[in-house]
There are 2 protein chains.
Amino acid sequence: MSSGHFKQDLFAQFARVGKALSNGNRLELLEFLAQGEHSVDALAKVSGLSVANTSQHLQQLRQSGLVLSRKEGLKVHYRLSGEDVVELMSVLRRVAERHLADVQQLVQSYLTVKDELEPVPRDELLERVRDDLVTVLDVRPPEEYAAGHVPGAINVPLDELEAHLEQLDPGQEIVAYCRGPHCILAFEAVARLREKGIAAHRLEDGFPEWKAAGLPVDMAG
Amino acid sequence: MSSGHFKQDLFAQFARVGKALSNGNRLELLEFLAQGEHSVDALAKVSGLSVANTSQHLQQLRQSGLVLSRKEGLKVHYRLSGEDVVELMSVLRRVAERHLADVQQLVQSYLTVKDELEPVPRDELLERVRDDLVTVLDVRPPEEYAAGHVPGAINVPLDELEAHLEQLDPGQEIVAYCRGPHCILAFEAVARLREKGIAAHRLEDGFPEWKAAGLPVDMAG
DNA sequence: CTTTTATTCAAGTAATTTATTGAATAGTTG
DNA sequence: CAACTATTCAATAAATTACTTGAATAAAAG
């Protein structure tokens with residue numbers, strides 16, 4: 001049993017997962033799936049890809065083991081195959097951010113205020129939520145909020161931020177989060193709140209990382 | 001500043017790292033690099049690839065930020081750009097093993113004894129080493145052992161195992177490790193030792209994971 | 001049973017990737 | 001400086017990937 005091929009076969013299998021991560025559009029689809037289950041055409045809409053193309057990418061993801069699908073009536077719903085996929089994406093992000101100058105440049109030019117925002121670590125937020133010291137804002141679309149959110153968080157999509165300003169306790173600190181560590185929505189929300197003189201911070205990562213860390217999650221209402 | 005392209009640009013960058021992981025030969029090179037620094041032709045030899053091909057793969061890995069290089073005389077030495085790359089490989093492995101049936105099958109058919117070996121977790125080994133309760137065997141080639149190993153470990157390449165048998169305290173438990181969680185050397189060593197009636201176990205992962213976890217490491221001698 | 005909707009399939013094209021080969025470069029050694 | 005060694009570069013062929021287009025399914029609704 002020449003085990004000489006074993007190593008190569010095994011690495012070839014690992015490479016299947018690597019291949020799934022080798023395309024930007026697939027990574028974007030994975031980030032949407034990390035927010036919760038989505039149908040093919042919902043994913044096609046948010047990603048801006050054609051339906052056929054989206055379907056093909058999703059099938060590749062399924063073959064690589066990163067997602068699972070479920071048919072319900074006309075629709076096919078895709079979801080991540082486990083929380084470990086969120087962890088894989090997180091580590092991929094971190095490695096890229098640490099070792100690729102282009103990523104550092106992109107983050108700097110689009111998320112300029114990054115350093116000034118003093119992001120709040122997950123555990124710290126959890127404590128402050130328990131002690132009722134902060135108002136937590138979920139700035140994602142309502143569907144994603146409904147599929148799961150940080151306990152006690154209020155869903156305020158970015159374009160409704162101004163309308164909700166008056167309902168917020170101006171004395172209490174605000175922490176905003178969205179899809180992930182590089183999601184601009186939370187950055188933008190914090191920037192706008194600070195313009196109004198409100199003490200606002202950003203959660204270090206987004207909801208998927210919160211959930212993957214095993215922290216408590218609220219659904220729907 | 002239409003930030004609409006930001007997300008796509010960012011994911012395209014992350015995909016550069018994914019691309020680096022999308023080829024089995026590159027993953028094998030990364031595993032060798034996780035044992036320590038290596039020159040191009042050393043990597044070409046161990047991987048069985050042509051020198052030119054190896055060089056090109058290494059350049060791709062460098063462009064993706066996963067490895068760094070250093071020229072010394074005629075030789076160019078490549079190394080991982082950080083311990084986070086080891087973590088990325090670990091998570092990739094774990095995800096593939098958990099969600100790809102083909103991987104489970106491969107592991108089962110080549111590492112059949114896997115379940116019987118009762119792998120020892122890192123922290124547990126560290127304790128037992130401190131209390132001098134175990135003999136630790138590093139079954140990798142001498143060069144890799146020299147570049148770093150578990151403190152107190154004895155370097156016994158697999159083909160010298162029989163010769164060293166008599167030097168081992170038959171009463172004391174043995175823990176063997178090699179390059180990583182799927183490296184056959186340690187599996188093989190444990191199997192042979194057990195045939196001789198010696199109590200032997202396998203370290204859960206290999207040396208790179210031990211080092212990446214921040215546990216103590218000995219060099220050379 | 002026809003129409004509509006959501007998804008997949010199949011075919012085709014352009015672009016990219018992998019590995020091979022032989023030449024080019026840079027540093028070392030006799 | 002001529003010969004040698006380690007690495008990279010450049011050109012190529014074969015295979016794979018990404019996306020588009022239009023047709024094929026399959027379930028639901030009229």
Side-chain angles (χ1 to χ4, degrees), chain A residues 5 7-9 11-30 32-33 37-79 143, chain B residues 5 7-9 11-30 32-33 37-79 143:
Chain A
H5 279 205
K7 193 160 49 161
Q8 301 210 333
D9 290 352
F11 280 124
Q13 292 300 321
F14 296 157
R16 287 172 63 191
V17 177
K19 277 209 180 75
L21 305 174
S22 72
N23 176 280
N25 289 328
R26 275 196 296 273
L27 291 178
E28 193 179 350
L29 291 172
L30 284 174
F32 283 121
L33 290 169
E37 211 181 46
H38 287 286
S39 68
V40 177
D41 76 329
L43 288 165
K45 277 198 190 76
V46 292
S47 66
L49 302 175
S50 75
V51 172
N53 196 9
T54 304
S55 172
Q56 284 172 36
H57 278 307
L58 290 169
Q59 283 172 71
Q60 269 188 268
L61 288 174
R62 187 172 48 200
Q63 279 160 22
S64 71
L66 298 187
V67 310
L68 298 170
S69 64
R70 168 180 75 84
K71 189 161 190 177
E72 189 183 62
L74 269 180
K75 299 197 173 181
V76 176
H77 299 276
Y78 283 84
R79 66 182 183 283
E143 316 88 66
Chain B
H5 279 204
K7 194 163 44 164
Q8 302 209 333
D9 290 351
F11 281 123
Q13 292 300 323
F14 296 156
R16 287 173 61 192
V17 178
K19 277 208 181 79
L21 306 174
S22 73
N23 176 282
N25 289 328
R26 276 195 297 273
L27 291 178
E28 192 179 350
L29 289 173
L30 283 174
F32 283 123
L33 289 170
E37 211 180 45
H38 285 287
S39 67
V40 177
D41 76 329
L43 289 164
K45 278 200 189 75
V46 292
S47 66
L49 302 175
S50 75
V51 173
N53 196 9
T54 303
S55 172
Q56 288 177 116
H57 278 306
L58 289 170
Q59 283 172 71
Q60 268 188 270
L61 289 173
R62 189 172 47 198
Q63 279 160 24
S64 71
L66 297 186
V67 311
L68 297 171
S69 64
R70 168 179 76 84
K71 188 160 189 177
E72 192 184 62
L74 269 179
K75 297 196 173 183
V76 177
H77 299 276
Y78 283 83
R79 65 181 183 282
E143 317 86 70

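Lettering of chains follows the sequences in order, A, B, ..., and the numbering in each one begins at 1.
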**Candidate nucleotides C/dA26, D/dT7, C/dT7, ranked by approach to the side chain of A/Val40 - the nearest** = C/dT7

**Request:** Among D/dA18, D/dT20, C/dT8, find the nucleotide with the atom closest to the side chain of A/Ser50.
**Result:** D/dT20

**Prompt:** Nearest 0.5 Å, what's the CG-NE2 distance between A/Leu27 and A/His57?
**Reply:** 10.5 Å

**Prompt:** Just how far, in rounded Å, is C1' of D/dC19 from CD of A/Glu28?
**Reply:** 16 Å

**Request:** Please round to the nearest 0.5 Å and tell me the distance separating atom OG of A/Ser47 and atom NE2 of A/His38.
**Result:** 11.0 Å

**Complete:** Atom CZ of B/Arg16 and atom C1' of C/dT17 are separated, to the nearest Å, by 16 Å

**Fill in**
Separation of D/dT8 atom P from B/Leu49 atom CG, nearest Å, is 14 Å

**Prompt:** Which nucleotide in the list D/dT20, C/dT8, C/dT5 gets nearest to the side chain of A/Leu74?
**Reply:** C/dT5

**Message:** From CD of A/Gln59 over to C1' of C/dT7, roughly how many Å is that when rounded to an integer?
**Reply:** 9 Å

**Prompt:** Of the nucleotides D/dA10, D/dT8, D/dT20, which one has an atom closest to the side chain of B/Arg62?
**Reply:** D/dT8

**Asked** For the atom pair OG (A/Ser39) and CZ (A/Arg70), what is the distance rounded to the nearest 0.5 Å?
**Response** 10.5 Å

**Asked** Hey, does A/Ser39 reach any base, or is it just sugar-phosphate, or nothing, if we go heavy atoms under 4.0 Å?
**Response** sugar-phosphate

**Request:** Take atom CG of A/Leu61 and atom P of D/dA18, then tell me their distance rounded to the nearest Å.
**Result:** 10 Å

**Message:** Need to verify one output field. Residue with the more 5' nearest nucleotide on DNA chain D, A/Asn53 or A/Lys71?
**Reply:** A/Asn53

**Message:** Rounded to the nearest 0.5 Å, what separates atom OG1 in A/Thr54 from atom NZ in A/Lys45?
**Reply:** 10.5 Å

**Item:** From D/dC19, D/dT7, C/dA19, nucleotide with atom closest to B/Asp41 side chain
**Value:** D/dT7

**Message:** If the cut-off is 4.0 Å, is B/Arg26 near the phosphate of C/dT18, judged by side-chain N/O to OP1 or OP2?
**Reply:** yes

**Asked** In whole angstroms, how far is the P atom of C/dT8 from the CZ atom of A/Arg70?
**Response** 13 Å

**Item:** Interatomic distance where CG belongs to B/Asn25 and C1' belongs to C/dT18 [whole Å]
**Value:** 9 Å

**Request:** Enter the distance from A/Leu43:CG to A/Asn25:CG here, rounded to the nearest 0.5 Å.
**Result:** 12.0 Å

**Below 4.0 Å: OP1/OP2 of C/dT8 and any side-chain N or O of A/Ser55** = yes

**Asked** Picking from D/dC19, D/dT8, C/dT17, which would you name as closest to the side chain of B/Lys19?
**Response** C/dT17

**Message:** Does C/dA19 have OP1 or OP2 under 4.0 Å away from a side-chain N or O of B/His57?
**Reply:** yes

**Item:** Nucleotide of D/dT8, C/dT17, C/dT18 approaching B/Asn23 most closely (side-chain heavy atoms)
**Value:** C/dT18

**Phosphate contact (D/dT7 OP1 or OP2) by B/His77 side-chain N/O below 4.0 Å** = no

**Request:** Would you indicate what B/Glu72 reaches in the nucleic acid, counting non-hydrogen atoms under 4.0 angstrom: base, sugar-phosphate, or nothing?
**Result:** nothing

**Message:** At less than 4.0 Å, is any side-chain N or O atom of A/Gln60 found next to OP1 or OP2 of D/dA18? Yes or no.
**Reply:** yes

**Asked** Does A/Tyr78 put a side-chain nitrogen or oxygen below 4.0 Å from OP1 or OP2 of C/dT8?
**Response** yes

**Asked** Nearest to the side chain of B/Ala52, which nucleotide is it out of C/dT18, C/dA19, C/dG22?
**Response** C/dG22

**Asked** Base, sugar-phosphate, or nothing: which does B/Gln56 touch, judged by heavy atoms less than 4.0 Å apart?
**Response** base

**Request:** With rounding to the nearest 0.5 Å, note down the distance linking NZ in A/Lys75 to CD in A/Glu37.
**Result:** 11.5 Å

